[in-house]
Amino acid sequence: MGANLGLAFLAFIPILFTIVVMAVFNWPAKKALPVAWILTVAIAFFTWSIDLHHIMGYSLFGAFKALDVLIIIFGAILILNTLKLSGGMASINSGFMNISPDKRIQAVIIGWMFGAMIEGAAGFGTPAALAGPLLVGLGFPPLAAAMVALIFNSTPVSFGAVGTPIFGAMSTLAGNLPKDPAIVEGFKLTLAQWVAIGHACVGIFIPLLGLCMLTKFFGRERSIKPALEAAPFAIFAGAAFVIPYILIASFIGPELPSLVGALIGLPIVVIAAQKGFLVPKRVWDFEDKSKWEEDWKASIDTGAMVESKMSLVKAWTPYILIAIILILTRVPQIGLKAIFAAQTLNIKNILGIEGLNYGLPYLYLPGTIPFILVALITHLIHGMNGEQIKTAWKTSFKQIIGPALALFFGVAMVQLMLKSGTNGAGLDSMMTTMAKGVAAITGMAYPFFAPFVGILGAFISGSNTVSNILFASLQFETAKILSMSPLLIVALQVIGGAVGNMVCVNNVVAACATVGTTGVEGKIIRRNAIPMFIMGITVAFILAILIYNGYDPFPGV
């Protein structure tokens, strides 16, 4: 057992290195993951006795797999930059200004519902960065705006950027699942359903939890009582999002739950607020700015919001088009899904290694259709000039460089770990060896650790997607060893990676920067650790009941 744990620790060194340099020394993922890949190569060569030809082949396969995720990320960034430069985003923002004077209602509508829509379409930290400045414009203390926007950016994250975190998990689970495409597709759809169920059980209360944090730390009363006054509206807003969210995840798949769930829930919640439905009679607001604590305020000038005369219908058209195209190409009964999914660019026997094949579903990826297609359409319907179009594309390519480098090496590292079972030392794969070590240490208590592995991955990498790429296979293998449902354990990983967005360094820094606060990142992380822990442990408890009773929604893998 000691030798096995020693090998498990050795295999874990690249991930441990990643955690330390990112969490302690603040290395960016684009710097940490290439070094972690080099460490993995060294361990694979010297301990697992894998020749360099196969090491390079497995790594190149991983880099190709990263393309699937990168194309989605690029498309998400492109549509966001297009809307920012066309004036569409400013028009959407201004449309929220006069719905309700109550700051609790404003926080729910903008931070929760609008943030969920942006997460579903773009992801990658953009919701908090967009919702935060809008809340500041409505009179929120900048520190409060950043905190509450990050808390609300949790439940929608697992289906952010039209399902990228699920696709990220699936990109590394290919080595764990049978090669039958029908089984892989079935696992993905069932995983999406259970991720949504797990999220929704807690997510319905996230708006209330966010308000409790808001009024406790920034209200004149320093109490959660004002939040509880708004509990009926907050829970209603939670339900307006998570009910369509579950239904879409269960019957359509991972691309649309957050985007369409928000597109359905947002008008419902806005109309309810305008009609006064479940809205507290007493209007709640912050104290006068003269009484704000110094670190609540902006320390740098972020500039005024860009004005736009674009109609709301025209501004919202790109998001509506994205939702329509995704529905047309994802619902099997329509008949387009099979046609689009079948169009692939194939690379067989990478570096001459038999059976090491890669296929790029270039038409089925959300990054191409609808994101890039809708961006091109938006250039026309929003009347963008050549300079605006050029800037949108140039900025998007510039923004993708860092994530590209991190993802290429991150996925390459994971694929090398997964495929290292074919070696000259007669050892299990590095991933299996790590899983056996984790199983031996945690035992039957593992379901309570699983979401916090996902949280840790998001904290160090700044991304639910990267967390899933790093740990989904480890979670799957550990579940198999412990005779637990691999699907439910992976679901806890995906949910944990989303919850980790509340405290991940990258998102906190971005949210603070956009509202003009500096030097308060540690305070936000400490405070947001409270709802993060509540959400993580509650989801673990709910799914653990099913796991301990032997339930497995996708047996036989």
Side-chain angles (χ1 to χ4, degrees), residues 14-15 17-18 22 27-45 48 50-77 124 161 164-177 179 184 344-362 364-368 396-423 429-431 457 461-463 465-474:
I15 294 175
F17 167 83
T18 305
M22 291 183 69
W27 282 28
K30 64 182 180 181
K31 181 180 177 182
L33 288 171
V35 179
W37 172 77
I38 292 171
L39 289 173
T40 308
V41 168
I43 294 167
F45 182 78
W48 266 256
I50 305 173
D51 63 83
L52 287 176
H53 178 243
H54 281 79
I55 286 174
M56 291 300 107
Y58 298 150
S59 298
L60 187 58
F61 173 78
F64 284 135
K65 293 292 289 183
L67 280 175
D68 296 33
V69 180
L70 276 170
I71 290 171
I72 301 172
I73 296 173
F74 175 77
I77 292 172
F124 302 98
T164 303
I166 300 291
F167 286 102
M170 293 304 298
S171 73
T172 64
L173 288 173
N176 303 96
L177 296 168
K179 294 188 180 297
V184 174
T344 58
L345 295 175
N346 298 304
I347 302 174
K348 294 187 176 181
N349 302 328
I350 295 171
L351 293 188
I353 299 173
E354 189 67 30
L356 191 61
N357 305 320
Y358 168 74
L360 176 69
Y362 60 93
Y364 191 67
L365 287 174
T368 51
S396 299
F397 275 115
K398 186 177 180 181
Q399 286 178 249
I400 200 68
I401 293 173
L405 196 61
L407 282 169
F408 279 138
F409 283 98
V411 182
M413 176 182 74
V414 172
Q415 288 298 330
L416 178 54
M417 288 179 169
L418 279 169
K419 297 184 181 299
S420 58
T422 303
N423 59 73
S429 73
M430 296 168 73
M431 193 66 71
S461 69
S463 167
T465 300
V466 176
S467 178
N468 293 344
I469 288 169
L470 288 173
F471 295 125
S473 292
L474 173 66

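Keep in mind it's a predicted model, so treat the numbers as computed, not measured.
In this structure, Phe408 and Leu70 have side chains that are in contact, with non-hydrogen atoms separated by less than 4.5 Å. Counting heavy atoms from C-beta on, the side chains of Ile71 and Leu360 come closer than 4.5 Å. Two residues are said to be in side-chain contact when any heavy atoms from C-beta on lie closer than 4.5 Å; Met413 and Pro14 meet this criterion. Under the 4.5 Å side-chain criterion, counting only non-hydrogen atoms from C-beta, Thr422 is not in contact with His54. Between Leu33 and Leu470 the shortest side-chain heavy-atom distance falls below 4.5 Å. Looking at Leu60 and Phe64, their side chains come closer than 4.5 Å, going by heavy atoms from C-beta outward.
To the nearest 0.5 Å, atom CG of residue Leu177 and atom CE of residue Met170 are 5.5 Å apart. In this structure, CD1 in Ile400 is found 7.5 Å from CZ in Phe74, a value given to the nearest 0.5 Å. For the atom pair CE of Met430 and CG of Leu474, the computed distance is 12.0 Å after rounding to the nearest 0.5 Å. Remark: Gln415 CD to Leu356 CG distance equals 9.0 Å, nearest 0.5 Å. Rounding to the nearest 0.5 angstrom, the gap separating the CE atom in Met56 from the CD1 atom in Ile350 is 13.5 Å. Taking CG of Asn349 as the reference point, atom CG of Leu351 lies at 10.5 Å (rounded to 0.5 Å).
Listed for the Ser171 side chain is no donor-acceptor partner under 3.5 Å among the backbone atoms of Lys65. Thr40 places a side-chain N or O within donor-acceptor distance of the main-chain N or O of Ala36, the cut-off being under 3.5 Å. Distance alone, capped at 3.5 Å, places no donor-acceptor pair between the Thr344 side chain and the Asn346 backbone.
Among Asn468, Asp68, Thr465, the one residue that satisfies the side-chain contact (heavy atoms from CB on, under 4.5 Å) test with Thr164 is Thr465.
Phe61 and Tyr358 have perpendicular rings, their planes meeting at more than 60° on a 0 to 90° scale where under 30° would count as parallel.
Looking at every heavy atom in both residues, Ile469 comes nearest to Gly168 through CG1-O, 3.5 Å. For Gly421 against Asn423, the heavy-atom pair with the smallest separation is O-ND2, 3.2 Å. When every heavy atom of Gly57 is checked against every heavy atom of Ile353, the shortest pair comes out as CA-CD1, 3.8 Å. The two residues Ser420 and Trp48 make their nearest non-hydrogen contact at O-CD1, 3.6 Å.
Every side chain to side chain contact (heavy atoms under 4.5 Å, CB included) that Ile55 has, sequence neighbours left out, goes to Val41, Ala44, Phe45, Ile50, Leu52, Ser59, Leu416.
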